[in-house]
Amino acid sequence: MSTSTEPLPGTSDIWEPEVFGWVELEGITREIFGRYGYQELRTPVFERTEVFVRNLGDETDVVQKEMYTFEDRGGRSLTLRPEGTAGVMRAVANLGLGPGEECRVFYMGPMFRGERPSAGRRRQFHQIGVEAVGCNSPWMDAETIAMLVHYLDALGIKNPKVMINSRGLPEDRPAVAQALKDYFRPHLPEMCDDCKRRFETNVWRMLDCKCDVCHQLALNAPRIADLLGEESKNFFKRVCDGLDRLGVAYEINPRLVRGLDYYVHTVFEITHPALGSQDAIAGGGRYRMTMPGSNAPIEGIGFAAGIERLLMTRAGLGLAPAARTAADTFIIAMGEASIPSALQLAGELRHKGVGGRVMADVTGRSMKAQFRSANKSGAKKVLILGESEIAEGVVTLKDMTDSSQKQVKRDEIASML
Ligand code: HAM
């Protein structure tokens with residue numbers, strides 16, 4: 001039973017030193033994606049529900065069971081974004097993209113899915129994602145995957161497992177669906193309830209079911225790539241050629257279909273042993289979406305990585321951030337009258353940028369109690385200001401590492417820290 005101060009299941013409070021890992025990751029994200037000409041975009045955390053339902057697909061788990069949807073006061077149905085791509089596409093459509101124009105963006109922020117929480121599966125999780133909208137060339141798919149591998153490398157996540165597949169074009173789908181149905185039909189009675197439903201609604205998803213029985217059956221299912229039309233086969237071939245040319249190691253996984261319905265052609269996922277191979281660090285692909293008020297679909301290629309999963313992978317590789325002390329310099333004010341001077345001194349040090357994290361105790365408690373706080377803060381330097389120090393224009397400086405103590409002129413203290 002969770003108490004009222006605990007965050008809701010599947011959500012977390014993120015404290016230091018964990019926060020340092022997030023900040024570092026955000027910096028590397030801006031640096032690497034910036035080098036590829038991607039600009040940062042921040043879209044709203046909630047959108048009209050139809051932005052997601054239209055584009056992610058009504059038969060996906062996300063739309064069927066995981067969206068946080070609510071009505072606003074005007075009776076409009078709104079949804080907390082379960083992923084970033086649909087909102088980015090809405091924003092790009094709103095900006096207007098002329099024929100032949102491209103827009104390359106990256107984003108980071110919270111996403112929301114009502115999933116069963118576990119270590120790597122959160123209800124509020126965070127994604128870093130990129131979208132290259134209006135880029136219709138297969139070489140762009142290869143560059144996008146290569147950029148993801150470069151980004152992971154910059155984060156210290158070396159040798160990720162890159163799995164790719166093609167879902168072909170919408171016109172290839174009936175033949176693939178037919179072949180899959182012919183294959184799965186005789187086995188249906190042994191399969192899980194989800195797969196029995198998927199057989200009718202979204203037979204492709206039967207290929208990546210996690211149940212043992214279904215997974216074993218899926219291993220021998222017809223390969224999607226063999227059933228695609230010539231155009232799709234050629235597209236996929238060029239993606240693979242591009243990856244070879246860019247030196248990206250990958251594996252073609254014929255059962256990779258991804259959980260969202262907007263994909264065409266290339267789909268890919270990345271796992272790493274340091275996270276555990278069940279969960280993907282990142283996933284993406286090429287997609288097409290049609291925005292309200294327009295008949296022409298917009299195409300793009302992108303991916304998203306879960307920040308929590310990136311950080312878990314880094315921690316598994318020994319790259320967790322080091323803790324920092326709450327304070328580096330702690331100022332003790334002896335007696336109520338010394339507090340303003342202590343605050344002035346703290347302000348001066350902070351403005352000069354010396355003494356690191358500077359904290360002044362404003363409680364007026366006993367010296368012993370304030371020293372206890374100083375110790376707890378981890379500060380290496382303690383400055384003591386009492387009435388006599390103030391009168392003499394000095395500060396007592398105690399070095400906590402060797403307990404040595406000396407008086408320093410008030411004007412010179414900044415240079416001693
Ligand atoms: P996705 O595979 O649903 O794709 O999510 C991408 C990544 O977000 C996953 O690989 C995982 O790291 C992380 N993730 C997803 N759900 C959770 C969760 N409940 N808890 C923790 N992490 C999670 C998309 O969202 C697509 N929009 C990616 C994309 C961009 N495709 C094209 N462009």
Side-chain angles (χ1 to χ4, degrees), residues 8-12 14 25 33 38 41 43 47 51-52 55-57 60-63 65-68 80-92 103-135 140-141 144-145 147-148 151-152 155 157 160-165 167 205 208 256-272 274-289 298-314:
L8 288 165
T11 70
S12 331
I14 303 156
L25 194 121
F33 297 153
Y38 284 72
L41 172 68
T43 62
E47 299 269 359
V51 169
F52 305 112
N55 294 310
L56 274 50
T60 54
D61 285 352
V62 174
V63 169
K65 342 185 223 195
E66 295 169 3
M67 293 205 306
Y68 284 100
L80 295 183
R81 62 182 184 194
E83 59 99 59
T85 313
V88 167
M89 291 296 267
R90 189 222 20 86
V92 172
C103 177
R104 299 184 189 190
V105 296
F106 72 89
Y107 51 90
M108 25 191 163
M111 309 288 162
F112 305 86
R113 296 185 192 175
E115 298 194 74
R116 186 191 293 269
S118 63
R121 199 160 292 279
R122 321 290 303 153
R123 290 185 173 161
Q124 173 173 334
F125 60 101
H126 299 75
Q127 281 186 345
I128 282 178
V130 310
E131 313 293 351
V133 186
C135 301
M140 193 64 200
D141 299 23
T144 305
I145 297 170
M147 178 171 79
L148 173 54
Y151 172 62
L152 294 174
L155 291 173
I157 303 174
K161 183 172 172 191
V162 180
M163 285 167 298
I164 65 167
N165 196 18
R167 289 180 48 137
R205 290 306 311 270
D208 69 353
L256 181 68
V257 291
R258 308 264 306 130
L260 303 162
D261 279 354
Y262 48 53
Y263 291 112
V264 292
H265 289 308
T266 321
V267 284
F268 55 93
E269 251 172 34
I270 296 219
T271 58
H272 195 279
L275 180 66
S277 52
Q278 273 299 306
D279 281 334
I281 301 180
R286 173 165 289 279
Y287 48 86
R288 270 185 198 169
M289 289 184 198
I298 316 181
E299 197 162 309
I301 165 82
F303 60 77
I307 298 187
E308 288 83 353
R309 293 193 191 175
L310 288 169
L311 294 173
M312 282 167 73
T313 311
R314 294 193 86 200

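One-based numbering, in listed order, for ligands and for the atoms of each. We number each residue from 1, following the sequence as shown.
- Close approach to R121 involves these atoms of ligand 1, each under 4.0 Å from a residue heavy atom: 19 (N), 20 (N).
- Between the side chain of N165 and the backbone N or O of L256 there is at least one donor-acceptor pair closer than 3.5 Å.
- Residues L310 and L152 meet the side-chain proximity criterion, which asks for heavy atoms closer than 4.5 Å.
- The atoms of ligand 1 that sit less than 4.0 Å from any heavy atom of E83 are 25 (O), 26 (C), 27 (N).
- Contacts with ligand 1 closer than 4.0 Å are made by heavy atoms of both the backbone and the side chain of A280.
- Here the rule is side-chain hydrogen bond (donor to acceptor under 3.5 Å, both in side chains) with E308, and of R121, Q124, H126, R122 only H126 fits it.
- The heavy-atom pair separating T271 from D279 by the smallest distance is CG2-O, 3.7 Å.
- Under 4.0 Å from ligand 1, the heavy atoms of I281 that appear belong solely to its backbone.
- Near E131, meaning under 4.0 Å from one of its heavy atoms, ligand 1 places the atoms 30 (C), 32 (C), 33 (N).
- Of all atoms in ligand 1, numbered sequentially from 1 with element shown, those under 4.0 Å from a heavy atom of Y262 are 26 (C), 27 (N), 31 (N).
- Annotation for ligand 1: atoms under 4.0 Å from non-hydrogen atoms of G283 are 10 (O), 28 (C), 29 (C).
- Residue G120 has at least one heavy-atom neighbour below 4.0 Å for each of these atoms of ligand 1: 20 (N), 21 (C), 22 (N).
- Heavy-atom distances between G285 and ligand 1 reach below 4.0 Å in at least one pair.
- Between Y151 and I128 the shortest side-chain heavy-atom distance falls below 4.5 Å.
- The protein heavy atom nearest to atom 19 (N) of ligand 1 is E115 OE2, 2.6 Å.
- Contacts with ligand 1 closer than 4.0 Å are made by side-chain heavy atoms of Y287 only, the backbone lying farther away.
- No donor-acceptor pair closer than 3.5 Å links the side chain of R288 to the backbone N or O of E299.
- Closest to atom 23 (C) of ligand 1 by heavy atom, among F112, F125, Y263, is F125.
- The backbone N or O of G120 sits less than 3.5 Å from a side-chain atom of R309, completing a donor-acceptor pair.
- Partners of T85 by side chain to side chain donor-acceptor pair (under 3.5 Å), not counting sequence neighbours, listed by chain and number: E83, E131, Y262.
- Protein heavy atom nearest atom 20 (N) of ligand 1, with residue, atom name and distance: R122 N, 2.8 Å.
- Not counting sequence neighbours, Y107 has no partner by the ring pair (Phe, Tyr, Trp, His ring centres under 6.0 Å) test.
- Residue contact check: L260 has heavy atoms under 4.0 Å from atoms 4 (O), 24 (C), 26 (C) of ligand 1.
- Between F33 and F303, the ring planes lie perpendicular to each other; the angle is over 60°, past the 30° to 60° tilted range.
- Between R167 and Y263, the side chains place no donor N or O within less than 3.5 Å of an acceptor N or O (distance only, hydrogens not considered).
- At the shortest separation from atom 7 (C) of ligand 1 among protein heavy atoms lies A304 O, 3.5 Å.
- At the shortest separation from atom 1 (P) of ligand 1 among protein heavy atoms lies R258 NH2, 3.6 Å.
- Of the protein's non-hydrogen atoms, the one nearest atom 32 (C) of ligand 1 is G302 O, 3.3 Å.
- R123 places no side-chain N or O within donor-acceptor distance of the main-chain N or O of T11, the cut-off being under 3.5 Å.
- The proximity of Q127 to ligand 1, defined as any non-hydrogen pair under 4.0 Å, is limited to the side chain.
- Within the listing of ligand 1, atoms 10 (O) sit less than 4.0 angstrom from a heavy atom of A282.
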